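The basis for the numbers below is simple: all heavy atoms, side chains too, and nothing from hydrogens, waters or symmetry mates. All of these numbers come straight from a predicted model, not from anything done at the bench. Below, chain A is the first sequence line, B the second, and so on; all start at residue 1.
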Protein chains: 2
Amino acid sequence: MSFDSAGNPPMSPRARAIVAAARELLEAEGGVSMRRLADRLGIKAPSLYKHLRDKGALEAALISDAFLEAAERFEQAGDLFELGSAYRAFALEHPHLYRLMFEGRLPRERLVPGAEERAAAPVIAAVGGDPDRARALYAFAHGMVILELGGRFPDGADLDAAWARGLRAFAT
Amino acid sequence: MSFDSAGNPPMSPRARAIVAAARELLEAEGGVSMRRLADRLGIKAPSLYKHLRDKGALEAALISDAFLEAAERFEQAGDLFELGSAYRAFALEHPHLYRLMFEGRLPRERLVPGAEERAAAPVIAAVGGDPDRARALYAFAHGMVILELGGRFPDGADLDAAWARGLRAFAT
DNA sequence: GTCTATACCCGGATAGAC
DNA sequence: GTCTATCCGGGTATAGAC
């Protein structure tokens, strides 16, 4: 078998290809089922289980990858305002992936160790390590993007201005 | 039939009783299906359709009620900090209802007219009507509760302190 | 206003042949 | 590593009898 007892990496090249296809499917259609994933790969659904223990392993891989990708982008940000832009851009570019990362329970036991923490680190650093401020900033940023993705703000709302107002509030 | 073409109020007393049972089911089990709702009422699922056009009508009623209930509580708040407490308390007391209100698409066409706006009004008032600040505050509050409900903060995190830090940031 | 019966959809996952 | 055949669960909703 190409997965360990927890369904964790290292994964076989074939398993990685399946995860890549799942990512495309998620971003294109907003969801992943084992059947549709198999269709996209030109195989039958039961064959997937030779490479992935179960659907949870697939989701854990997608989420781990997403945290690491987001972390790389967040690490480029030079200050709080650039971090806010990077956060929003990541979420708007990958709305379904973002929802997979943040809605529903996070399967921490199955994630690549350290992936979640690596994405969080730039947020903590941006407020000088103050945990209360970091949590408030995190909540603000997540709230802004998830409400924007959900269409909760009025049509003409100036979200750049709301972001600026919020980031300014956490700058010091 | 006891519902109009949009599945909107006024609803028959029986329909209201069904919505009340759905609310209990949602809060108790975290979800509502027509089958389980019927079980709880001691009837069969198809009978529900004599009272509600479809499941969407049921959800719209649950969400409308929730917005009006939240609005009543928010209107009691004397200042921004009391409003924050009221917001958090409502979400923590009704986690599944809160998720129904905010995750997934909001069926605005089917809600009781003005319900969403009435819940939003105290938030806007608390920041003196400044829309940018209101949106930032809304995002912060929603982010705090949805991350708390999702278990995203570390176990020992002092969320009271994070709330205080955020609300202070939006106080002026 | 309730019932039975049913249609239709979707999902995850396994056994065992090749 | 793929297949076929299948099992299991779940869901929304309708038709038509009573």
Side-chain angles (χ1 to χ4, degrees), chain A residues 1-8 10-26 28-63 96 99-100 103-105 107 109-110, chain B residues 1-8 10-26 28-63 96 99-100 103-105 107 109-110:
Chain A
M1 306 206 183
S2 46
F3 44 84
D4 70 12
S5 61
N8 276 339
M11 300 174 105
S12 68
R14 184 70 172 126
R16 291 263 23 131
I18 291 172
V19 172
R23 168 75 174 261
E24 290 177 14
L25 187 59
L26 174 65
E29 303 191 11
V32 176
S33 80
M34 299 304 268
R35 292 200 217 255
R36 277 181 297 140
L37 175 56
D39 283 348
R40 170 170 282 244
L41 288 160
I43 60 175
K44 301 299 175 184
S47 303
L48 295 171
Y49 293 87
K50 298 291 183 183
H51 305 283
L52 283 320
R53 170 171 301 278
D54 55 23
K55 195 186 181 186
L58 179 66
E59 291 175 341
L62 288 168
I63 294 171
H96 301 298
R99 286 195 139 106
L100 180 65
E103 291 188 348
R105 200 189 142 271
E109 339 73 55
R110 306 189 77 171
Chain B
M1 306 205 183
S2 45
F3 45 82
D4 68 13
S5 61
N8 277 338
M11 300 174 105
S12 68
R14 184 68 172 129
R16 292 260 29 130
I18 290 171
V19 173
R23 168 75 174 261
E24 291 177 14
L25 187 59
L26 174 64
E29 303 191 12
V32 176
S33 80
M34 299 303 267
R35 290 199 220 255
R36 278 181 296 138
L37 176 55
D39 283 347
R40 170 171 281 245
L41 287 160
I43 61 176
K44 302 298 175 184
S47 303
L48 295 170
Y49 293 86
K50 298 292 183 182
H51 306 282
L52 282 320
R53 170 170 301 280
D54 55 24
K55 194 187 182 183
L58 179 66
E59 291 175 339
L62 287 168
I63 295 171
H96 302 298
R99 287 194 139 105
L100 179 65
E103 291 187 348
R105 200 190 141 271
E109 340 73 56
R110 307 189 79 172

Can you sort out the partners of A:Glu29 under side-chain hydrogen bond (donor to acceptor under 3.5 Å, both in side chains), two or more places apart, ordered by chain and number?
A:Arg36
Rounded to whole angstrom units, what separation is found between the CG atom of B:Asp39 and the C1' atom of D:dT12?
15 Å
Rounded to whole Å, CG of A:Leu37 lies from P of C:dC10 at a distance of 16 Å
Smallest heavy-atom separation, A:Ala21 atom then A:Leu41 atom, equals CB-CD2, 3.7 Å
Shortest non-hydrogen contact from A:Ala61 toward A:Val19
CB-CG2, 3.9 Å
Is A:Leu58 close to A:Leu37 at the side-chain level, that is, under 4.5 Å between some pair of heavy atoms?
yes
B:Leu48 has an atom CG; how far is it from atom P of D:dA13, in whole Å?
11 Å
What protein N or O atoms touch nucleotides 7-11 of chain D N or O atoms at under 3.5 angstrom, if any, and at what distances?
unit_1 : atom_1 : unit_2  : atom_2 : d
D:dG11 : OP1    : B:Ser33 : OG     : 2.9
D:dG11 : OP1    : B:Arg36 : NE     : 3.4
D:dG11 : N7     : B:Arg35 : NH2    : 2.3
D:dG11 : O6     : B:Arg35 : NH2    : 3.0

Phosphate OP1/OP2 of C:dG12: any A:Arg53 side-chain N/O under 4.0 Å:
no
What is the distance, rounded to the nearest whole Å, between atom CG of A:Leu58 and atom C1' of C:dG11?
14 Å
For the pair made of NE2 in A:His51 and C1' in C:dA13, what is the distance, rounded to whole Å?
16 Å
With A:Arg99, which residues qualify under side-chain hydrogen bond (donor to acceptor under 3.5 Å, both in side chains), at least two apart?
none
With sequence neighbours left out, the residues meeting side-chain hydrogen bond (donor to acceptor under 3.5 Å, both in side chains) with A:Asp54 are A:Arg110
Roughly, in whole Å, what's the span from OH in B:Tyr49 to C1' in C:dC8?
13 Å
For a side-chain contact (heavy atoms from CB on, under 4.5 Å) check, start with the C-alpha distance between A:Met11 and A:Leu52, then their side-chain angles and the critical distance, and finish with the verdict.
CA-CA 9 Å; A:Met11 300 174 105; A:Leu52 283 320; 3.2 Å; yes
List the residues meeting side-chain hydrogen bond (donor to acceptor under 3.5 Å, both in side chains) with B:Arg40, not counting sequence neighbours, and say none if there are none.
B:Glu24
Collect all protein-nucleotide pairs involving nucleotides 3-5 of chain C in which both atoms are nitrogen or oxygen and the distance is under 3.5 Å.
unit_1 : atom_1 : unit_2  : atom_2 : d
C:dC3  : OP2    : B:Lys44 : N      : 2.6
C:dC3  : OP2    : B:Ser47 : OG     : 3.0

